[in-house]
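Computed from a predicted structure; not experimentally measured. Numbered from 1 within each chain, the chains take letters A, B, ... in sequence-line order.
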Number of protein chains: 2
Amino acid sequence: MRSSYQDIKADVLNRIRQNIWPPGANLPGEIELAEEFGCARATVNRAMRELVDEGILERKRKAGTRVKSFPTRKARFTIPLIREEIESTGAAYRYALVDREVIAVPGWLSAQVKIPRNGQVLHLRCMHFASNKPYQLEDRWINLTAIPKAEKQDFEVIGPNEWLVREVPFSEADLSFSATSATQEIADFLDQKEGDAVFTAERTTWLDEDNITHARLYFSQGYKMTTKL
Amino acid sequence: MRSSYQDIKADVLNRIRQNIWPPGANLPGEIELAEEFGCARATVNRAMRELVDEGILERKRKAGTRVKSFPTRKARFTIPLIREEIESTGAAYRYALVDREVIAVPGWLSAQVKIPRNGQVLHLRCMHFASNKPYQLEDRWINLTAIPKAEKQDFEVIGPNEWLVREVPFSEADLSFSATSATQEIADFLDQKEGDAVFTAERTTWLDEDNITHARLYFSQGYKMTTKL
DNA sequence: TGCTAGAATAAATATAGACATAAGAAAAAG
DNA sequence: CTTTTTCTTATGTCTATATTTATTCTAGCA
């Protein structure tokens with residue numbers, strides 16, 4: 001019958017959909033399934049591992065494999081470069097630096113992230129436009145203790161996000177999304193009214209133990225982050 | 001040296017961080033790496049596949065493996081059951097059905113999703129509370145043509161999300177997140193003011209070709225969706 | 001009864017070898 | 001010189017087998 005791991009995945013999913021294996025059900029062991037599908041155990045194993053990864057199954061050694069009773073699936077978002085995100089819609093991308101300053105770490109930032117108390121940060125504000133309409137306001141702090149070479153960049157032509165992604169590798173990042181009310185200032189930048197709902201992303205990036213950068217991204221009205229799962 | 005696939009992943013990541021393999025660089029073939037790490041090709045292969053999955057590497061047959069020049073990493077969100085999400089914070093979860101009606105498919109909905117024009121839908125509005133404070137307003141439509149048994153459920157005790165997740169398997173779902181302004185009605189439910197920024201999730205769920213359900217979830221002020229990557 | 005040490009088991013990982021497949025590179029044909 | 005065909009190569013997948021590890025189960029002991 002020669003089943004590939006993809007066939008097996010599809011087959012298992014079908015059986016779950018048809019309630020042959022209802023939520024919570026224990027499914028046969030790998031050896032048994034391998035015999036049924038006429039393939040090696042490793043092939044079954046790969047199929048199962050991927051289904052675990054997708055949040056469909058649970059596995060425990062000795063206990064076996066079961067269908068998750070509450071299948072909390074996992075959504076994946078690709079965090080794209082803004083330029084690519086905009087250009088993929090067919091719109092023209094334009095970048096502009098609003099202001100740039102080197103300052104001592106503000107208190108709220110040093111509290112939130114591990115930057116030496118007397119360290120310096122590069123604070124940037126930038127606008128990203130799609131076909132000349134405001135798309136995103138980027139409010140970014142770069143830790144100059146960790147990335148001293150950032151001070152030499154003027155960021156007039158290339159945005160900090162793009163520069164960082166290309167120049168500075170990172171190990172971890174925290175991301176959060178929320179809805180905030182536009183302050184007068186933010187509203188001005190985004191061409192909206194004060195108090196308007198703004199989709200806001202916050203991102204902190206680390207290289208091992210060092211905080212590299214922190215950014216707040218304010219998206220203009222109508223922005224939707226979408227995915228499939 | 002006996003390396004596991006996890007060691008190899010870590011090692012490759014380190015070399016990328018140390019700019020031994022800068023963005024865009026071609027890395028050695030699997031056989032070569034297997035020799036270097038003193039392991040089988042399959043082990044290297046698994047490490048590499050996972051790094052591709054995480055958005056660090058790109059691979060092409062014949063062309064080989066390279067470090068992505070713009071490493072757009074992939075964030076993963078686990079979409080939890082609200083009850084679990086709330087209980088995990090230590091708060092008490094409470095559910096309440098606000099209203100329930102069986103109606104003909106509204107125009108905007110039938111346009112958006114594939115439901116027969118004269119089909120019926122079950123429209124529900126529910127509240128989810130965390131320690132008696134409003135947490136989420138759920139505005140849900142269930143396609144009764146696809147899921148007739150939903151009509152027999154009263155949804156007084158168990159929420160539609162929880163019921164659907166347990167009773168109805170699905171194949172695909174579209175998800176989107178945005179920031180919207182609270183209407184007077186939504187504000188009342190969430191104990192906020194009209195015009196406040198509301199984090200909104202919209203979800204459409206499919207089983208093969210049939211639309212099963214569509215939901216809009218309005219989160220109360222201060223909600224943040226977070227993840228690591 | 002309750003606890004613990006050990007046996008049993010299923011998944012997790014690793015290996016060497018094989019064939020399949022996509023796509024770049026080189027050779028042949030026009 | 002361009003197009004087409006063939007060759008080559010690196011990854012993709014699969015197999016059969018072995019070892020390791022986390023857990024459950026059980027039997028023996030206090």
Pairs in or reaching into residues 72-81 of chain B: which pass salt bridge (Lys or Arg N to Asp or Glu O under 4.0 Å), with residues at least two apart or in two chains?
A/Asp53-B/Arg76
Taking NZ, NE, NH1 and NH2 as the nitrogens, is one of them in B/Glu58 or B/Arg49 under 4.0 Å from a carboxylate oxygen of the other?
no
Report yes if at least one side-chain N or O of A/Tyr5 is closer than 4.0 Å to OP1 or OP2 of D/dT13; otherwise report no.
yes
Please round to 10 degrees the angle between the axis of the first five pairs and the axis of the last five pairs in the helix from C/dT1-D/dA30 to C/dG30-D/dC1.
10°
For a 4.5 angstrom cut-off between non-hydrogen side-chain atoms, does B/Arg140 reach B/Cys126?
no
Hey, are A/Ser178 and A/Thr200 close enough side-chain-wise for a donor-acceptor pair under 3.5 Å?
no
From CD1 of B/Ile31 over to P of D/dT8, roughly how many Å is that when rounded to an integer?
16 Å
Which residues within residues 19-30 of chain B lie with some heavy atom under 4.0 Å of an atom in DNA chain D?
B/Gly29, B/Glu30
Pairwise ring-ring contact (aromatic ring centres under 6.0 Å, His included) hits with a residue in residues 39-62 of chain A, at least two apart
none
Identify each donor-acceptor pair in which a side-chain atom of residues 155-165 of chain A lies under 3.5 Å from a protein atom, sequence neighbours left out, and give them as a table.
{"unit_1": "A/Glu162", "atom_1": "OE1", "unit_2": "A/Arg83", "atom_2": "NE", "d": "3.4"}
{"unit_1": "A/Glu162", "atom_1": "OE2", "unit_2": "A/Arg83", "atom_2": "NE", "d": "2.8"}
{"unit_1": "A/Glu162", "atom_1": "OE2", "unit_2": "A/Arg83", "atom_2": "NH2", "d": "2.8"}

Whole-Å distance, A/Glu58 CD to C/dA10 C1', equals 15 Å
ring-ring contact (aromatic ring centres under 6.0 Å, His included) pairs, two or more places apart, involving residues 62-85 of chain B
A/Phe77-B/Phe77, A/Phe177-B/Phe77
Among residues two or more places apart or on two chains, list those pairs meeting salt bridge (Lys or Arg N to Asp or Glu O under 4.0 Å) that have a residue in residues 16-31 of chain B.
A/Asp208-B/Arg17, B/Glu30-B/Arg41, B/Glu30-B/Arg59
With sequence neighbours excluded, tell me which residues meet salt bridge (charged side-chain N to carboxylate O under 4.0 Å, His left out) with A/Glu32.
none
Does the ring centre of A/His128 sit less than 6.0 Å away from the ring centre of A/Tyr95?
yes
Parallel, tilted or perpendicular: ring planes of A/Tyr135 versus A/Phe219, cut at 30 and 60 degrees:
perpendicular
Just to be sure I understand the geometry, which residues of residues 46-56 of chain A put a non-hydrogen atom under 4.0 Å away from DNA chain D?
A/Arg46
Rounding to a whole Å, what distance do you find between B/Ile8:CD1 and C/dT13:P?
13 Å
Any salt bridge (Lys or Arg N to Asp or Glu O under 4.0 Å) involving residues 214-229 of chain B? Give me the pairs, sequence neighbours left out, ordered by first then second residue.
A/Glu172-B/Lys228, A/Asp174-B/Lys228, A/Glu202-B/Lys224, B/Glu202-B/Arg216
Test salt bridge (charged side-chain N to carboxylate O under 4.0 Å, His left out) applied to B/Lys68 - qualifying residues, sequence neighbours left out:
none
Please report the distance, rounded to the nearest Å, between CG in A/Leu33 and P in D/dT15.
14 Å
Summarise protein proximity over nucleotides 16-25 of chain C in one line of letters, 5' to 3': B for base, S for sugar-phosphate only, - for none, counting protein heavy atoms closer than 4.0 Å.
S-B--BBBB-
Are B/Phe199 and A/Phe199 packed together at the side-chain level, in the sense that at least one heavy-atom pair is separated by less than 4.5 angstrom?
yes
Nearest whole Å is fine: how far is D/dT17 P from A/Asn45 CG?
17 Å
How many Å lie between CD on A/Gln6 and P on D/dG12, as a whole number?
12 Å
Using a cut-off of less than 4.0 Å, is there contact between a side-chain N or O of A/Thr43 and OP1 or OP2 of D/dT15?
yes
Residue-phosphate contact under 4.0 Å: A/Thr65 side-chain N/O, C/dA10 OP1/OP2
no
